[in-house]
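All remarks here apply to the structure that follows.
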Amino acid sequence: MSKEEIHDAYPSYGEGDNNSQGSSSQDPSSRMNSTDHGMEKVNMPVEQMSNLDESGLKRDLHLRHMVMIAISGTIGTGLFLTSGKTVATAGPLGALLAYVVIGTWLVFVCQAIGEIATLLPLPGAFTAWGGRVFDEAFSFQMTWMYFINWALTIPAELSASSLIVSFWLGPDSSFPTWVVPVIIIVALVLINLLGVKVYGEIEYWFSILKVVTIVVFIICGILVDSGAVGGHTYGVENWHIAGAPFKGGFRAFLSVLVSVGFAYGGTELSGVTAAESRNPHKHVPKAVNTVLVRIAFFYILSIFFLACIVPNDDPRLLNADGTVVNAPFTIVFLQAGMKGGASYMNAVIFTSVVSAANSDFYVATRMLMSLSRNGWAPAIVGKTNSRGVPVVAVMITTAFSCIALVMIYAGASTVFDWLVSIIGSLIFLIWVCILFLHFRFRMCWKAQGHTPDQLPYQSWGYPYGHYLATVIGVCCVVASFYLSIDSKPNAAAFPLGAEDPAYKTARNHWAQGLLGAWFPWLLATTLFVSYKMIKGTKIVDPAQADLDTGRWVPPPVDPNRQHKVSAWKKLLSKFM
């Protein structure tokens, strides 16, 4: 197909409006040939190349899948199981502020993802952008770190499932809890082998269940807090008890940021699914633009009513014994007099674990596929079958999932806390890297003679919102470093010294924080420096950055297939 024929098919392409891809001041193929950052070069017109599916993936995700997957990635065990500990540690206002601060950071991270993923819906998403706009070594370390993040998250979710089923089994049950993760692992393998369309459909319905539960919880919270249900008007009285509203002061506030990051983790999935979206130009912006609403509605309101109804000194918030009956959302249902609330909430949390593990499994396989396609893992790992599924990557991810079985014998609750600490810091690392790559992308875009208006989607709030997000991110990382060093307990301060159980508990918490804060950054630095020294990679010249390979051009609209949609269907579509 000639460029003239392409222009006839896509008349808006390259004309500089907000729906266009933009045009380069120099021939794209010559720029791709001149790049020296090690990415694959393709001598083919951009328009022609962008419609090829060289990765072997299927573009089978619809808009409803994209939006609900993004929601599903947000609502999970982090919100359901760790929010109570956040309120107990930092108090009602400290917990609420932590969710607002991290949520603000996340909004602009997702905007950055939306802008680049709409233009370049590549397999691996933001992990593949580093080699395009900065340095191939950066992309190498980021892809491996993101895979490690999800490879560790799957066992964390599965270990939580063994805790959840104990609610129904009772303390004297002899039922082996490891059977539950095994069943979930088998289900995850089958779902992912059936293809991305099946994955998207299952996540869609799981997400609806989560959304309904959050809506019911918020309505229940309003009724209980106002005294309409439960016989007591709480208002904001629990914000004025001893220790509230800021329990433990600023230090306690800083200490909960990592767990809040873990709760928010997965929201960036909309960028990963862009490579398998049927229409990235339409679907990715709508998915990322729902982030602000999700944070404000699902998280902020939920934490607010939880903090209003349950006092921060309630021992059930810490969920020390790991039972779901003491999970924070369940407590509110019980306060409302809903006797079946505990069982209902337990069932929802269990499905949330399965849903979250399913998303984790999907992303882990796509990261392995990206590693393989870039030559950073064996080529066989990236091969796909007729359904567009990387089968070998699924097998490797399954092996990592089985770590959960070992964790159960080590103590699922204890290991879960360790993983939350590490995964929360990994998420901080990924978000900081995404913002950095977005700044580099804009630098490259400008250096090549483009304007922001030529982008198919512009992130709102740039650059000042992104500056704010960067400051928040850096401060959170520095705070985690500081707390990991400064919080080391002194055995002399305990009555029994080093043998004191309280000292051992404090020492374990300090070790968790130390490993969580430093491990991701030390590993990422090691991967980056090692790859750069071995391969001798160079920082990409912004004027020579490859912003063309992998662009997606929307197909021409057939006017004969257009049909009118009734007003009620439009309203329902916008609501959903």
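Just the heavy atoms: all of them, side chains too, but no hydrogens, waters or symmetry mates, feed the values below.
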Please test Tyr462 against His438 for ring-ring contact (aromatic ring centres under 6.0 Å, His included), starting from the C-alpha separation and ending with a verdict. CA-CA 10 Å; Tyr462 186 87; His438 186 233; 5.1 Å; yes

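- Residue Trp105 is tested with Cys110, Cys475, Cys476 for a side-chain contact (heavy atoms from CB on, under 4.5 Å); the sole match is Cys476.
- Within the 4.5 Å cutoff, side-chain heavy atoms of Arg440 are placed close to those of Pro542.
- For Gln458 and Asp453, the side-chain atoms include at least one donor-acceptor pair closer than 3.5 Å.
- Aromatic pair Phe253/Phe250: centroids less than 6.0 angstrom apart.
- Taking the centre and axis of the six-membered ring of Phe441, the NZ or CZ atom of Arg132 falls outside the cone set by 45° and 6.0 Å.
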Enumerate, atom names and distances included, each donor-acceptor pair closer than 3.5 Å involving a side-chain atom of residues 420-427, sequence neighbours excluded.
from: Ser421; atom 1: OG; to: Gln512; atom 2: O; distance (Å): 2.8
from: Ser425; atom 1: OG; to: Ser421; atom 2: O; distance (Å): 3.4
from: Ser425; atom 1: OG; to: Gly516; atom 2: O; distance (Å): 2.7

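- Side chains of Ser484 and Trp518: a donor-acceptor N/O pair is present below 3.5 angstrom, by distance only.
- Applying the side chain to side chain donor-acceptor pair (under 3.5 Å) rule to Trp460 yields the partners Gln111, Asn289; only residues at least two apart in sequence or on another chain are considered.
- Using the six-membered ring where Trp is involved, Phe528 and Phe134 have ring planes that are parallel, under 30° apart on the 30 and 60° scheme.
- Ring geometry, Tyr531 versus Trp376: the interplanar angle exceeds 60°, so the pair is classed perpendicular (tilted spans 30 to 60°).
- Within a 6.0 Å radius of CZ in Phe400, no more than 12 heavy atoms belonging to other residues, nucleotides or ligands are found.
- Of all heavy-atom pairs between Met142 and Leu437, the closest is SD-CD1, 3.7 Å.
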Return all side-chain donor-acceptor pairs below 3.5 angstrom for residues 84-98, not counting sequence neighbours, or 'none' if the list is empty.
from: Thr86; atom 1: OG1; to: Thr82; atom 2: O; distance (Å): 3.1
from: Thr89; atom 1: OG1; to: Lys85; atom 2: O; distance (Å): 2.7

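- Using a 3.5 Å distance cut-off with no hydrogens or angles, the side chains of Thr549 and Asp546 do pair a donor with an acceptor.
- For Tyr99 (side chain) and Phe304 (main-chain N/O), no donor-acceptor pair under 3.5 Å exists by modelled atom type.
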